[in-house]
A.B. asks: 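Below are the structure tokens for one structure; questions will follow.
Naming convention: chains lettered A, B, ... in sequence-line order (proteins, then strands); numbering from 1 in each chain. Keep in mind that the numbers below use all heavy atoms, side chains included, and drop hydrogens, waters and symmetry copies.
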2 protein chains.
Amino acid sequence: MNLNDYGYFQKLSEMKSFSETAHHFNVSQPTITYALKRLETEYDTKLVERKSYANSLSLTYAGEQLLKHVNKILHEDSLVKADLNRIKKKKIKMGLPPIITNYLVPKVFDNLKKFDYLNRIVPVVDGSKELLTKLKNGDIDLSLLGSTSLPEDPELEYKVLDIHQFKIIASSNRKFKNNLKLSDLIDEDFIILDEKSVHQQVFNDFIDKYNVSPNIIFQTSDYKLLLKLVQENKGISFITETAIRDTSGIQELKFDNLDLPPFYIMMIYRKNTVKSSIFQKLISIFENV
Amino acid sequence: MNLNDYGYFQKLSEMKSFSETAHHFNVSQPTITYALKRLETEYDTKLVERKSYANSLSLTYAGEQLLKHVNKILHEDSLVKADLNRIKKKKIKMGLPPIITNYLVPKVFDNLKKFDYLNRIVPVVDGSKELLTKLKNGDIDLSLLGSTSLPEDPELEYKVLDIHQFKIIASSNRKFKNNLKLSDLIDEDFIILDEKSVHQQVFNDFIDKYNVSPNIIFQTSDYKLLLKLVQENKGISFITETAIRDTSGIQELKFDNLDLPPFYIMMIYRKNTVKSSIFQKLISIFENV
DNA sequence: TATAATTGATAAAAAATATTTATAGGTGAG
DNA sequence: CTCACCTATAAATATTTTTTATCAATTATA
């Protein structure tokens, strides 16, 4: 059994057209016909229902079942090349979400340098959500990650490096009374991180939970810009403390009984990954922050 | 890329010998050599370390990594045939652990008959542990299952049909005082189910927890035999209430504060399974007990 | 309604890939 | 040193996949 046949079948079930599928793979149309025929012979079952004519063929029940397995098989197979390529290059492709990276990397920099890992790491800077997808696709080997919940994906494994809190912050120039309540912020302008970050979702949940409707005047994916705007008192914000450690010109607003989810700072990787000594050492360097 | 090459590679890494692997697949020895060569060329990496001589070749780091993926791929592929075969036959292979089956099937029998499902079900009678393995291997489509914990396997899905308790039971002929304590049973002979059932593990945990060492005189995998022996006062036992519903000649011993795990009675199947209408109906019949 | 255009199936030929046969070379045990 | 055993390689063969060429069926459209 050839994996190509699975690939043809997968695409065929998506495109619902033999000739288009053939075109997609740059092969002739009978190639697809014969590939399907091979599968149907191999399993001795009809897999696709050739409809009267229109460009709408459909999978049989057995075809649907096969497709599920094929998806898994081809996905796994696509991970192989990505994995082996990086092993060959002795490089580790590492996902780096900006906020966490700025907080953590200075702490481990000397160690990374000492063990000559700085040039072993191929950095991939992106938001936590995108990095998670890339990790699962095998585009990166491991990633730093910030999240309000611990990943439950059975393919992934992680180490929690730190647990931070979300904070409401404002310019140090502002004065706020003690025992602040959320309702005191009703006239404030909010500047928050946009949908690339987990912050937006947390903020929305927060809004729902406390039934408030803050005035969001600007969203950005650049947290440095956000902090600068807050420093200059263009608005107040909602962000993990990770981002404001060692940042001057910013104060944290204290509330009683504010219930916010924790912000887990993790190192995450696929369970499947064979842990080379480099890989393990790298993780341990980050663990021992 | 041919799946055969993956199969050869998998076996080679297990057998650590080219010629034995060839023999295992009934092909000539160069077939294996060339298969490996194809893989090494495809991925442009050395995959196995040909040792000086002895029957001990070893995988390189890249080879180990490949093997992990290959295992997954071949396992998934082996599920395909099993799945499609049963679909073809329009039969549903169902795992039936005896205790649960005897309890449940009488309750659904008329319904199964009414919808003509009795001859659609291919019964596979075995212990819960074995059935779980068979389910994962695709040997059966779904299974009744008794367990003290809910399965966390990401490939499996289940519906809890009932939650029962474990009981300590004795012949009705016996008289026990009220407010029994475990220490009162110190001179009793125990007859319990053997390692094929979850009972043994639960019983061991129980022993550890309460730091008692009961006198086990006989173990069996046949719960009907066990019940008979208890009825005839050959010993007392430890078993889920599922087994003793509607059984005469047996009493349940009551203890204060005995903390035992629940016994979940479930219907379990692979997430991957495409749920045919027969499949769904079957589940719903059992769900509506 | 006739005609053109598009789609999938099939047969036969060609191309690509996998396997075998035959053999060579290396290694360790005795 | 020789034998037994293992893996690698070349060349021949077998098998599998793909292409080319063509047909029949169906839809769009003139």
Side-chain angles (χ1 to χ4, degrees), chain A residues 1-60 62-63 66-67 70 73-74 77 80-81, chain B residues 1-60 62-63 66-67 70 73-74 77 80-81:
Chain A
M1 182 54 52
N2 198 309
L3 278 182
N4 282 338
D5 284 357
Y6 282 161
Y8 295 152
F9 175 72
Q10 187 185 52
K11 204 77 198 172
L12 176 65
S13 72
E14 177 198 328
M15 293 196 145
K16 301 192 181 313
S17 155
F18 284 71
S19 24
E20 276 182 51
T21 304
H23 185 251
H24 174 269
F25 285 107
N26 251 310
V27 295
S28 68
Q29 168 264 312
T31 298
I32 309 301
T33 303
Y34 283 122
L36 185 66
K37 213 170 189 180
R38 279 193 293 271
L39 290 174
E40 293 192 324
T41 306
E42 163 91 7
Y43 298 121
D44 193 21
T45 316
K46 205 168 160 190
L47 295 170
V48 321
E49 207 72 68
R50 283 80 156 176
K51 283 288 168 58
S52 55
Y53 205 61
N55 195 12
S56 73
L57 95 211
S58 67
L59 296 190
T60 64
L66 173 61
L67 182 60
V70 160
I73 290 171
L74 293 183
D77 194 57
V80 177
K81 274 188 197 155
Chain B
M1 182 55 51
N2 200 306
L3 277 182
N4 281 338
D5 285 357
Y6 282 161
Y8 295 151
F9 175 71
Q10 187 185 51
K11 204 76 197 174
L12 176 65
S13 72
E14 179 197 328
M15 295 198 143
K16 303 195 182 311
S17 154
F18 283 71
S19 24
E20 277 183 50
T21 305
H23 185 251
H24 175 269
F25 285 106
N26 250 310
V27 295
S28 68
Q29 167 263 311
T31 298
I32 310 301
T33 302
Y34 283 123
L36 185 66
K37 212 171 189 176
R38 278 193 292 275
L39 290 175
E40 294 192 323
T41 306
E42 163 91 7
Y43 299 122
D44 192 21
T45 316
K46 204 168 161 191
L47 294 171
V48 321
E49 207 71 67
R50 282 80 155 177
K51 282 288 169 60
S52 54
Y53 198 59
N55 197 12
S56 73
L57 98 212
S58 67
L59 296 190
T60 64
L66 173 62
L67 181 61
V70 160
I73 290 171
L74 293 183
D77 194 58
V80 176
K81 273 187 195 155

A.B. asks: Would you tell me if any nitrogen or oxygen in the side chain of A:Arg50 comes within less than 4.0 Å of OP1 or OP2 on C:dA9?
C.D. replies: yes
A.B. asks: What distance do A:Ser58 atom OG and A:Leu47 atom CG have between them, rounded to the nearest 0.5 Å?
C.D. replies: 11.5 Å
A.B. asks: May I have the distance from A:Leu39 (atom CG) to D:dT16 (atom C1'), rounded to whole angstrom?
C.D. replies: 14 Å
A.B. asks: I'd like to know if the side chain of B:Thr45 and the backbone of B:Tyr43 have a donor-acceptor N/O pair within less than 3.5 Å.
C.D. replies: yes
A.B. asks: CD of B:Glu49 versus C1' of D:dA8: gap in Å, rounded?
C.D. replies: 16 Å
A.B. asks: Within the structure shown, what part of the strands sits under 4.0 Å from A:Phe25 by heavy-atom distance: base, sugar-phosphate, or nothing?
C.D. replies: nothing
A.B. asks: NA contact type, A:Thr31, heavy-atom cut-off 4.0 Å: base, sugar-phosphate, or nothing?
C.D. replies: base
A.B. asks: Quickly work out the A:Asp5 CG to C:dT17 C1' distance and round it to whole Å.
C.D. replies: 14 Å
A.B. asks: If each of A:Leu36 and A:Asn2 is mapped to the nucleotide of DNA chain C with the nearest heavy atom, which maps nearer the 5' terminus, i.e. the 5' end?
C.D. replies: A:Leu36
A.B. asks: Report yes if the side chains of A:Phe25 and A:Asn4 come closer than 4.5 Å at any heavy-atom pair, otherwise no.
C.D. replies: no
A.B. asks: Hey, does the side chain of A:Arg38 come within less than 4.0 Å of D:dT17's phosphate (OP1/OP2), counting only N and O?
C.D. replies: yes
A.B. asks: Please determine whether a side-chain nitrogen or oxygen atom of A:Ser17 lies at a distance below 4.0 Å from atom OP1 or OP2 of C:dG8.
C.D. replies: yes
A.B. asks: Which residue is it: A:Met15, A:Lys16, A:Glu14? I am looking for the one with a side-chain contact (heavy atoms from CB on, under 4.5 Å) to A:Thr21.
C.D. replies: A:Met15
A.B. asks: Report yes if a donor N or O on one partner sits less than 3.5 Å from an acceptor N or O on the other, where the partners are the side chain of A:Tyr34 and the base of C:dA11; otherwise report no.
C.D. replies: yes
A.B. asks: Would you say the side-chain atoms of B:Asp77 and A:Tyr6 include a donor-acceptor pair closer than 3.5 Å?
C.D. replies: yes
A.B. asks: Testing the basics here: between B:Phe9 and B:Gly63, what is the closest heavy-atom pair and its distance to 0.1 Å?
C.D. replies: CZ-O, 3.6 Å
A.B. asks: Tell me the interatomic distance from A:Gln29, atom CD, to D:dC23, atom P, rounded to whole angstroms.
C.D. replies: 15 Å
A.B. asks: Using atom CG of A:Leu3 as one end and atom P of D:dT17 as the other, report the distance to the nearest whole Å.
C.D. replies: 12 Å
A.B. asks: Would you say a side-chain N or O of A:Ser19 is under 4.0 Å from OP1 or OP2 of C:dG8?
C.D. replies: yes
A.B. asks: Does the pair B:Glu20 and B:Lys11 meet the rule for a salt bridge (Lys or Arg N to Asp or Glu O under 4.0 Å), with working shown?
C.D. replies: CA-CA 9 Å; B:Glu20 277 183 50; B:Lys11 204 76 197 174; over 6 Å; no
A.B. asks: How many Å lie between CG on B:Leu47 and P on D:dA8, as a whole number?
C.D. replies: 12 Å
A.B. asks: Closer to the 5' end of DNA chain D via nearest nucleotide, is it A:Val27 or B:Thr33?
C.D. replies: B:Thr33
A.B. asks: Taking it one step at a time, do A:Glu40 and A:Lys37 satisfy salt bridge (Lys or Arg N to Asp or Glu O under 4.0 Å)?
C.D. replies: CA-CA 5 Å; A:Glu40 293 192 324; A:Lys37 213 170 189 180; over 6 Å; no
A.B. asks: Please state how far atom OH in B:Tyr8 lies from atom C1' in C:dT20, giving the value in whole angstrom units.
C.D. replies: 12 Å
A.B. asks: When you measure from the side-chain N and O atoms of A:Lys37 to the phosphate of C:dT10, is any distance below 4.0 Å, counting only OP1 and OP2?
C.D. replies: yes
A.B. asks: What does the inter-axis angle of the helix from C:dT1-D:dA30 to C:dG30-D:dC1 come out as, five pairs per end, nearest 10 degrees?
C.D. replies: 20°
A.B. asks: Rounded to the Å, how far apart are A:Asn4 CG and D:dT19 P?
C.D. replies: 11 Å
